[in-house]
Amino acid sequence: MTTYQFLSKKLQKFTLVEFAMVKWVYITLGVLIASLYTPLLAVSGWAFLVITLLAGLPLIVYTLGFKGGIKQKCRQYLQNNNPSNQVLTLISCSFLGIAAAAFCPVLASYEWWVYILIMLILVAKPFNHVFLRK
């Protein structure tokens, strides 16, 4: 079994709620990056929204290719989840977090450990469910 197959198998165990929590972790990571590297806040938030759209467009097209309603499409997406889709999700959500920090600079005004704490709280349930249980 290759690493790609192993990770695909693990990623396909996510529920919709856990996947949403992972997305919030990625968004928080983007805000953390913006808070640690403040010159990013000088760039317009619209530029980061365009990058978010460009990175997320393949995922949107991929998800809309499934049959059924939006909830069924999301479930089918999770059943076919793989590391390459997860990388695109990471990139798009991180840039969305940077855009949020650019539009609302107060989001990037906290210490770095606050963001790490938020990410640890959000990732606890998905990590426990997917990687520690068989």
Side-chain angles (χ1 to χ4, degrees):
M1 178 183 290
T2 65
T3 306
Y4 188 84
Q5 292 170 336
F6 173 77
L7 288 175
S8 292
K9 193 175 184 181
K10 293 293 184 180
L11 288 171
Q12 291 166 4
K13 291 183 180 180
F14 280 151
T15 65
L16 288 175
V17 173
E18 291 168 346
F19 191 64
M21 292 170 80
V22 169
K23 282 188 171 191
W24 278 106
V25 169
Y26 294 159
I27 291 170
T28 307
L29 176 68
V31 176
L32 172 66
I33 291 169
S35 72
L36 292 176
Y37 189 65
T38 53
L40 286 175
L41 299 177
V43 179
S44 173
W46 294 106
F48 293 116
L49 284 178
V50 169
I51 295 171
T52 299
L53 182 64
L54 289 175
L57 195 59
L59 294 174
I60 295 168
V61 170
Y62 178 71
T63 304
L64 292 177
F66 294 119
K67 294 181 180 179
I70 190 71
K71 197 171 184 180
Q72 293 163 333
K73 288 180 182 191
C74 290
R75 286 198 177 138
Q76 290 176 3
Y77 172 84
L78 289 176
Q79 290 172 352
N80 297 314
N81 199 1
N82 56 42
S84 58
N85 288 351
Q86 204 64 25
V87 169
L88 285 175
T89 303
L90 168 68
I91 293 169
S92 63
C93 288
S94 294
F95 277 109
L96 183 62
I98 295 171
F103 284 128
C104 184
V106 73
L107 290 175
S109 63
Y110 300 104
E111 294 290 328
W112 63 269
W113 58 268
V114 173
Y115 303 109
I116 299 295
L117 183 65
I118 291 170
M119 288 189 286
L120 288 174
I121 290 170
L122 288 172
V123 81
K125 184 183 182 308
F127 182 80
N128 181 28
H129 176 258
V130 173
F131 289 103
L132 297 181
R133 294 185 185 167
K134 295 202 178 213

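Below, all heavy atoms of this structure are taken into account, side chains as well, without hydrogens, waters or symmetry copies.
- Annotation: the span from L11 atom CG to N80 atom CG amounts to 12.0 Å, rounded to 0.5 Å.
- When hydrophobic clusters are built by joining Ile, Leu, Val, Met, Phe, Trp and Tyr residues whose side-chain heavy atoms come closer than 4.5 Å, directly or via intermediates, V114 is grouped together with I116.
- The minimum heavy-atom distance linking Y110 with Y115 is given by the pair N-OH, 3.4 Å.
- Both V123 and W112 belong to a single network of hydrophobic side chains, linked directly or stepwise wherever heavy atoms of I, L, V, M, F, W or Y lie under 4.5 Å apart.
- Between the CG atom in L49 and the OG atom in S92 there is a gap of 11.5 Å [rounded to 0.5 Å].
- L122 and V17 fall into different hydrophobic clusters, where Ile, Leu, Val, Met, Phe, Trp and Tyr side chains are chained together by heavy-atom contacts under 4.5 Å.
- Without hydrogens or angle criteria, Q72 side chain to G69 main chain gives a donor-acceptor distance under 3.5 Å.
- For the pair S8 and P83, the tightest heavy-atom approach, listed with the atom from each and the gap, is OG-CD, 3.2 Å.
- The heavy-atom pair separating T52 from L96 by the smallest distance is OG1-N, 3.2 Å.
- Here I91 contributes atom CD1 and I51 contributes atom CD1; the two are 10.5 Å apart, rounded to the nearest 0.5 Å.
- Here W113 contributes atom CH2 and I118 contributes atom CD1; the two are 9.5 Å apart, rounded to the nearest 0.5 Å.
- Side-chain contact check for L59 versus N85: some heavy-atom pair is nearer than 4.5 Å.
- In this structure the side chain of Y4 reaches within 4.5 angstrom of the side chain of S84, judged on heavy atoms.
- Within the 4.5 Å cutoff, the side chain of K9 has no heavy atoms near those of the Q5 side chain.
- In plain terms, the two heavy atoms of N81 and F14 that are nearest each other are ND2-CD1, 4.1 Å.
- Of all heavy-atom pairs between A100 and L107, the closest is O-CD1, 3.7 Å.
- Hydrophobic clustering (ILVMFWY, side-chain heavy atoms < 4.5 Å, transitive): I70 and V61 are in distinct clusters.
- Tracing side-chain contacts under 4.5 Å through hydrophobic residues (I, L, V, M, F, W, Y), one never reaches F48 starting from I60; they form parts of separate clusters.
- Smallest separation of non-hydrogen atoms from F66 and Q76: CB-OE1, 2.8 Å.
- Of the inter-residue distances, the one linking I98 atom CD1 with L40 atom CG reads 5.5 Å to the nearest 0.5 angstrom.
- Separating the OH atom in Y77 from the CG atom in L16 is a distance of 11.5 Å, to the nearest 0.5 Å.
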Result block: side-chain N/O donor-acceptor pairs under 3.5 angstrom for residues 19-38, not counting sequence neighbours:
residue, atom, partner, partner atom, Å
Y26, OH, Q86, NE2, 3.1
T28, OG1, W24, O, 2.7
S35, OG, L32, O, 2.8

